[in-house]
> 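I am attaching a structure below and will ask some questions about it afterwards.
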Amino acid sequence: MLDIKLIQNDFETVATALRKKKVDESLLENLRTLSLELKNARIVLEPLQAEQNAKSKLFGVYAKEGKDVSALKAELADNKAKIAEAQEIVRALEEQMEMQASVIPNMPSSLVPEGEDENDNVELKRVLEPRVFSFTPKEHWDLDIKQNWIDFERGVKLSKSRFSVLKNEAARLERALINYMLDFNRKRGFHEVCVPYIVNRETLMGTGQLPKFEDDLFKIEGEELFLIPTAEVPVTNLFRDEILTQEELPIKMTCYSACFRKEAGSAGKDTRGMIRQHQFDKVELVSITTPEQSEAVFDEMLSCASDLLTSLGLPHRHLMLCGGDLGFSAAKTVDLEVWLPGQNRYREISSVSNTFDFQARRAKIRFKDNGKNRLVHTLNGSSLAVGRTLIALMENYQQEDGSIAIPDVLKEYM
C-alpha cells in the first residue's frame, strides 16, 4: 500500500508516478477527493479536541477558586458530542481512504522506462546463443515423445482445460528440476522453506493480490481461504505483523510450491500446450531487506535465476518492464525470457521484482533501526517456473530422432 501521508502531502508526485503505470485517472481523482475531505475533516476535529483539553484543565482551577462548574460541564458535554460526530466522520473517511488506497498499485521506480505494454519493454542483454538445428525444431506439444510424456486429454478429463498430466520421464524430469533448482538457490545463499498452499484473506492482502485480483484466485467454498497463486504470498507473509532486528536482515529464502491461478484475463491465449496452466510448479525466491540492501539483493536474485538458466544451457534474455507492463505491487521488474526454438521466440520464465516498502506497509513488516521502527523492503522472483523450464528443455534439447537429451547437471537428479 502507498503511504497515505505521502498521498495527502504530495499528491501530484504520487499521481505523476502512477500515470507511468497507466492507472485509471478516475481512481486518482477519487483519491484526491478523499484526501481533501479527510484533511478538512481533521481541520474541524482538531480545534474541538484542543478546546476539550483546555476546558477540562479548568475544572481544577474552578475547584480551587470555589467557582460553579455546572456551565463548564454543559459546555464540555456539548463539545464532547461534537467531537464524537467529527471523529466518526474522520473514521469513515480514513476507512474509505484505506480501501481506495488498497486498490492503487505501487509507484514505479524512477529507473522504470515509459511505455504502454509488453511491446515497450527494454531488452537489457542476451545470455547464450540459440542452438542452430539441422532440422526444423518442433513445439513441445508436437514432439514425437509427447504421448509418453504429457497427457493433455486426461488432464482435461480429470479437471478441465489448462490442466495436464506428466508421465514417465517427464514426471521424473519435473521432480529433478524442482530438486536441482532448490539446491542451486540454496548454494547461492537462499535458505529453504516449505509453506501452506492454502492461505487466508489477510495473507493475500499483505502481498497485494486482494482485494483487486480476487477473480483470479481459487477460493475455498464457505471459507475465507484461497489456494496460493505463488509461493511469494505465504513466504513474504511469514513476517506479517512482526518487527525484525536489523541484524536479521537480509532474510533470503527459496521455496517450492504448486501454484493455482484462474487466468481470468487470458481467454484465448496459449490454449495449446503447457505454457499457461491453472496449476503449475514453481520455485520462488523471496527476500526481506532493509531499504539500503534491497537493490543489491535484487541483483543477487536476478543473477541467481539467470545463472540457473545458464547452468541448464538455456538461452535467455533480460527485459526491463516498462511502466505499462509493470505488476500491481512491483516498483521495478526484470523479466527473464527463455528461447523456445519450436515457437521461434523468447517466452517469460521468471520475473524478479522489488516492491520497495509497498507490501511491507500492507503486511506491517518492520525492523528496528536504532530504536525506531522502519518498514522493510520485500523482493520476489521465480527461480524458476518449473513447467516452462521443462518445455524449454524439451524444445532446446530435442534430437532429430525425436528423443530429448538431458543436460549434464540434471543427470544425477534423474
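Note that the structure is predicted; figures quoted are calculated from it, not measured.
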> Check this for me: does any side-chain nitrogen of one of Glu88 and Arg91 sit under 4.0 Å from a carboxylate oxygen of the other?
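Salt bridge between Glu88 and Arg91, a charged N being under 4.0 Å from a carboxylate O: yes.
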
> Got Val283 and Leu177 here, is their nearest side-chain heavy-atom distance under 4.5 Å?
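Not touching, per the 4.5 Å side-chain cut-off.
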
> Scan for ring-ring contact (aromatic ring centres under 6.0 Å, His included) pairs involving residues 316-340, sequence neighbours excluded, and state none if there are none.
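Counting only pairs at least two positions apart or across chains, the ring-ring contact (aromatic ring centres under 6.0 Å, His included) contacts touching residues 316-340 are Phe213-Phe328, His316-His318, Phe328-Phe358, Trp339-Tyr346.
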
> Mind checking side-chain hydrogen bond (donor to acceptor under 3.5 Å, both in side chains) for Glu94 and listing every partner two or more places apart, or none if nothing turns up?
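Only Arg42 meet the side-chain hydrogen bond (donor to acceptor under 3.5 Å, both in side chains) criterion with Glu94.
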
> Within a reach of under 6.0 Å around CZ of Arg126, are more than 12 heavy atoms found that belong to other residues, nucleotides or ligands?
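Yes, enclosed.
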
> Do you know the tightest heavy-atom contact between Glu348 and Arg388?
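What the structure gives for the nearest pair is O-NH1, 2.7 Å.
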
> Got a donor-acceptor contact below 3.5 angstrom from the Arg317 side chain to the Glu337 backbone?
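No, Arg317 side chain to Glu337 backbone: no donor-acceptor pair under 3.5 Å.
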
> Not counting sequence neighbours, which residues clear side chain to side chain contact (heavy atoms under 4.5 Å, CB included) with Asn168? List them please.
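Applying side chain to side chain contact (heavy atoms under 4.5 Å, CB included) to Asn168 gives Asn148.
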
> Can you check whether Asp120 reaches Asp117 side chain to side chain, under 4.5 Å on heavy atoms?
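Yes, side chains in contact.
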
> With sequence neighbours excluded, tell me which residues meet side chain to side chain contact (heavy atoms under 4.5 Å, CB included) with Leu227.
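With sequence neighbours excluded, Leu227 shows a side chain to side chain contact (heavy atoms under 4.5 Å, CB included) to Ile198, Phe218, Phe260, given in chain and number order.
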
> If you round to the nearest 0.5 Å, how far is CD of Glu284 from CG of Leu384?
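Rounded to the nearest 0.5 Å, the CG-CD separation comes to 10.5 Å.
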
> Checking the side chain of Arg276 only, and the main-chain atoms of Arg162 only, is there a donor and an acceptor separated by less than 3.5 Å?
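No, because the side chain of Arg276 does not come within donor-acceptor range (under 3.5 Å) of the backbone of Arg162.
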
> I'd like to check the ring-ring contact (aromatic ring centres under 6.0 Å, His included) partners of Phe190; sequence neighbours left out, ordered by chain and number.
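Here no residue qualifies.
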
> Within a strict 4.5 Å, meaning less than it, do heavy atoms of the Glu174 and Val386 side chains meet?
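Glu174 vs Val386: side chains touch.
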
> If you define the side chain from C-beta out and look only at heavy atoms, does anything of Ser294 sit under 4.5 Å from Leu379?
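A side-chain contact under 4.5 Å exists here.
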
> Could you tell me which non-hydrogen atom of Leu217 sits nearest to which non-hydrogen atom of Leu204, and how far apart they are?
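Scanning both residues completely, I find the closest heavy atoms to be CD1-CD1, 4.0 Å.
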
> Give a yes or no on whether Glu98 atom CD has more than 12 heavy-atom contacts from other residues, nucleotides or ligands under 6.0 Å away.
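Not buried by this count: 12 neighbours or fewer within 6.0 Å.
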
> Using modelled atom types only, decide if a donor and an acceptor are shared between the side chain of His191 and the backbone of Met253 within a distance under 3.5 Å.
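No; zero donor-acceptor contacts below 3.5 Å.
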
> Sorted by first residue and then second, give each salt bridge (charged side-chain N to carboxylate O under 4.0 Å, His left out) pair with at least one member in residues 362-381; sequence neighbours left out.
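Checked against salt bridge (charged side-chain N to carboxylate O under 4.0 Å, His left out) - neighbours excluded - the pairs reaching residues 362-381 are Glu292-Arg374, Asp369-Arg374.
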
> Report yes or no: does Ser102 contribute a side-chain atom to a donor-acceptor pair with the main-chain N or O of Met99 at less than 3.5 Å?
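Answer holds: yes.
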
> Go through the steps for Val376 and Phe239 under the test side chain to side chain contact (heavy atoms under 4.5 Å, CB included), then give the verdict.
CA-CA 10 Å; Val376 301; Phe239 303 98; over 6 Å; no

> By side-chain hydrogen bond (donor to acceptor under 3.5 Å, both in side chains), which residues pair with Thr136, not counting sequence neighbours?
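By the side-chain hydrogen bond (donor to acceptor under 3.5 Å, both in side chains) rule, Thr136 matches no residue at all.
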
> Under 3.5 Å, is there a donor-acceptor pair between the side chain of Gln277 and the main chain of Met274?
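Judged by distance alone, no pair lies under 3.5 Å.
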
> Of all the heavy-atom pairs spanning Met301 and Ser287, show the shortest one and how long it is.
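It is SD-OG, 3.4 Å.
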
> Does the distance from a Lys or Arg side-chain N to an Asp or Glu carboxylate O, for Lys55 and Glu75, drop under 4.0 Å?
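So Lys55 pairs with Glu75 through a salt bridge.
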
> Can you confirm whether Leu326 sits close enough to Asn106 that some side-chain heavy atom of one is under 4.5 Å from a side-chain heavy atom of the other?
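SC-SC contact between Leu326 and Asn106 ruled out.
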
> Could you walk me through whether Thr310 and Asp307 pass the side-chain hydrogen bond (donor to acceptor under 3.5 Å, both in side chains) check?
CA-CA 5 Å; Thr310 300; Asp307 291 349; 4.8 Å; no

> Throw together a table of side-chain donor-acceptor distances under 3.5 angstrom for residues 406-414, partners on residues two or more places apart or in other chains.
from: Asp408; atom 1: OD1; to: Lys411; atom 2: NZ; distance (Å): 3.0
from: Tyr413; atom 1: OH; to: Asp183; atom 2: OD2; distance (Å): 2.8

> So do the side chains of Ile150 and Leu166 get within less than 4.5 Å of each other, counting heavy atoms only?
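The answer is yes, as the side chains (C-beta and beyond) meet within the 4.5 Å cut-off.
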
> Would a distance-only check, ignoring hydrogens and angles, find a side-chain to backbone donor-acceptor pair under 3.5 Å from Thr355 to Thr378?
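Pair found, side chain donor or acceptor close to backbone of Thr378.
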
> Where the side chain of Glu37 meets the backbone of Leu93, is there a donor-acceptor pair that is under 3.5 Å apart?
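The answer is no, because no donor-acceptor pair under 3.5 Å joins these two groups.
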
> Which heavy atom in His377 sits nearest to a heavy atom in Thr290, and how many Å separate them?
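Shortest heavy-atom separation between His377 and Thr290 comes out as CB-O, 4.3 Å.
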
> Let me confirm one number: the OG-CD distance from Ser35 to Glu29, rounded to the nearest 0.5 Å.
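The OG atom of Ser35 sits 11.5 Å away from the CD atom of Glu29.
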
> Would you say the side chains of Asn53 and Ser56 form a donor-acceptor pair under 3.5 Å?
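Ser56 and Asn53 do not have a side-chain donor-acceptor pair below 3.5 Å.
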
> Taking atom OG of Ser109 and atom CD of Glu295, what is their separation to the nearest 0.5 Å?
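Here the rounded value is 6.5 Å.
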
> I'd like to check Gln100 versus Met97 (side-chain heavy atoms, cut-off strictly below 4.5 Å). Are they in contact?
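Side chain of Gln100 against side chain of Met97, heavy atoms only: no contact under 4.5 Å found.
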
> Has Asn185 got a side-chain atom pairing as donor or acceptor with Met181's backbone, closer than 3.5 angstrom?
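Yes.
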
> Give me the atom names and distance for the closest heavy-atom approach of Asn237 to Val233.
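Result for this residue pair: ND2-O, 2.8 Å.
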
> With rounding to the nearest 0.5 angstrom, report the CD1 to OG1 distance, Ile251 to Thr236.
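Rounded to the nearest 0.5 Å, the CD1-OG1 separation comes to 11.0 Å.
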
> Can a donor-acceptor pair be found, under 3.5 Å and without considering hydrogens, that links the side chain of Asn200 to the backbone of Leu225?
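Judged by distance alone, no pair lies under 3.5 Å.
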
> Which pairs pass ring-ring contact (aromatic ring centres under 6.0 Å, His included) with one or both residues in residues 382-411, sequence neighbours excluded?
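Those involving residues 382-411 do not exist here.
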
> Closer than 4.0 angstrom, basic N to acidic O: yes or no for Arg32 and Glu12?
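Glu12 and Arg32: salt-bridged.
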
> Any salt bridge between Glu300 and Lys252, counting N to O under 4.0 Å?
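A salt bridge links Glu300 with Lys252.
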
> Can you tell me which residue pairs pass the salt bridge (charged side-chain N to carboxylate O under 4.0 Å, His left out) test with a partner in residues 231-247, sequence neighbours excluded?
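Not a single pair qualifies under salt bridge (charged side-chain N to carboxylate O under 4.0 Å, His left out).
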
> Report the residues that fulfil salt bridge (Lys or Arg N to Asp or Glu O under 4.0 Å) with Lys212, sequence neighbours left out, ordered by chain and then residue number.
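Testing Lys212 for salt bridge (Lys or Arg N to Asp or Glu O under 4.0 Å), a comparison that skips the adjacent residues, returns none.
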
> Using atom types as modelled and distance alone, determine if a side-chain donor or acceptor of Glu395 lies under 3.5 Å from a backbone N or O of Glu139.
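Absent.
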
> What I'd like to find out is whether the side chain of Pro341 reaches to under 4.5 Å of the side chain of Asn396, using heavy atoms alone.
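Yes, their side chains come closer than 4.5 Å.
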
> Could you tell me the separation between the OG atom of Ser382 and the CG atom of Leu285, rounded to the nearest 0.5 Å?
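Between Ser382 OG and Leu285 CG, I get 8.0 Å after rounding to 0.5 Å.
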
> Please list, chain by chain and in numerical order, all residues satisfying side chain to side chain contact (heavy atoms under 4.5 Å, CB included) with Lys219, sequence neighbours excluded.
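Testing Lys219 for side chain to side chain contact (heavy atoms under 4.5 Å, CB included), a comparison that skips the adjacent residues, returns Arg201, Glu214, Glu224, Phe226.
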
> Run the side-chain hydrogen bond (donor to acceptor under 3.5 Å, both in side chains) test on Ser353 and Asn380 for me, step by step, so that the C-alpha distance in whole Å, both residues' side-chain angles and the decisive distance to 0.1 Å come before the verdict.
CA-CA 5 Å; Ser353 298; Asn380 62 81; 4.5 Å; no

> Can you tell me how far CD of Gln52 sits from CG of Asn79, rounded to the nearest 0.5 angstrom?
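Those atoms lie 4.5 Å apart.
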
> Give a yes or no on whether a salt bridge exists between Lys157 and Asp151, defined as a side-chain N under 4.0 angstrom from a carboxylate O.
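Salt bridge between Lys157 and Asp151, a charged N being under 4.0 Å from a carboxylate O: no.
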
> Which atom names give the shortest non-hydrogen contact between Phe298 and Val352, and what distance separates them?
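In this case the closest contact between Phe298 and Val352 is CE1-O, 3.3 Å.
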
